[in-house]
Amino acid sequence: MQEVRDTPPDRAGEAVDRRALVRRIQETVGAECNVPLANILLVPAGTVRRTTSGKIQRALMRTLFLKGSLPACHEVLDPAVAARVGRRGGECADLGEDLLTPEPAGGGGGRW
């Protein structure tokens, strides 16, 4: 889960491509940790709940995620995880099922 801000189009007039962002996250985690990353949830800024000292309330966030209560701007979920998560609604949701089998970094075949 990562918070994202809506940003105005860049100088070329292109909006933020969340699918490309997810692909970069998958490639980076895959390359650094040598594991595939199948579950990514991008949420609007301010969604992640924190304690008064600034720590993420992980148990609460997990509960909200499993209930399907978090507003997703973009999500890529493994089918097993998606089956456990409550139905998501809203205009912001954009499922990226095609990103569940990410290509290795550099686009070549083989290991991450």
Side-chain angles (χ1 to χ4, degrees):
M1 179 182 318
Q2 177 63 50
E3 290 183 324
V4 293
R5 292 191 180 124
D6 282 330
T7 57
D10 63 12
R11 291 181 191 155
E14 296 180 18
V16 173
D17 182 1
R18 291 190 176 118
R19 298 174 67 78
L21 174 61
V22 167
R23 176 71 71 196
R24 282 194 326 230
I25 292 169
Q26 289 174 320
E27 289 175 353
T28 302
V29 170
E32 295 291 322
C33 302
N34 201 30
V35 294
L37 182 62
N39 300 300
I40 298 176
L41 179 66
L42 301 180
V43 296
T47 300
V48 175
R49 308 278 178 86
R50 298 181 183 274
T51 65
T52 54
S53 64
K55 296 177 186 173
I56 294 174
Q57 295 179 332
R58 296 183 194 284
L60 174 60
M61 294 306 299
R62 181 179 191 277
T63 300
L64 293 173
F65 170 71
L66 291 174
K67 285 183 180 180
S69 300
L70 297 173
C73 290
H74 189 89
E75 64 184 18
V76 177
L77 300 177
D78 181 87
V81 173
R84 294 195 63 193
V85 176
R87 288 192 61 96
R88 297 194 182 286
E91 304 158 5
C92 195
D94 178 18
L95 300 177
E97 286 97 359
D98 61 316
L99 297 174
L100 287 175
T101 52
E103 295 176 13
R111 298 187 64 174
W112 284 88

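Taking Q2 as the reference, L42 meet the side chain to side chain contact (heavy atoms under 4.5 Å, CB included) condition, with sequence neighbours excluded.
Here the CE atom belonging to M1 is positioned 10.5 Å from the CD atom belonging to E75, to the nearest 0.5 angstrom. Between atom CG of residue L21 and atom CD1 of residue I40 there is a gap of 8.0 Å, rounded to the nearest 0.5 Å. For the atom pair CG (L66) and CE (M61), the distance works out to 11.0 Å, reported to the nearest 0.5 Å. The distance from atom CZ of R49 to atom OG1 of T63, rounded to the nearest 0.5 Å, is 11.0 Å.
Between the side chain of N39 and the backbone N or O of D78 there is at least one donor-acceptor pair closer than 3.5 Å.
Closest approach of E3 and G46 over heavy atoms only: OE2-N, 2.9 Å. Residues A72 and L41 come closest through the heavy atom pair CB-CD1, 3.4 Å.
Put simply, the side chain of H74 does not reach to within 4.5 Å of the side chain of V4, judged on heavy atoms. Two residues are said to be in side-chain contact when any heavy atoms from C-beta on lie closer than 4.5 Å; F65 and V43 fail this criterion.
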Apply the test side chain to side chain contact (heavy atoms under 4.5 Å, CB included) to residues D17 and R23: give CA-CA distance (whole Å), side-chain angles for both, the deciding distance (0.1 Å), then the verdict.
-> CA-CA 10 Å; D17 182 1; R23 176 71 71 196; over 6 Å; no
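Atom CZ of R50 has more than 12 neighbouring heavy atoms from other residues, nucleotides or ligands inside a 6.0 Å radius.
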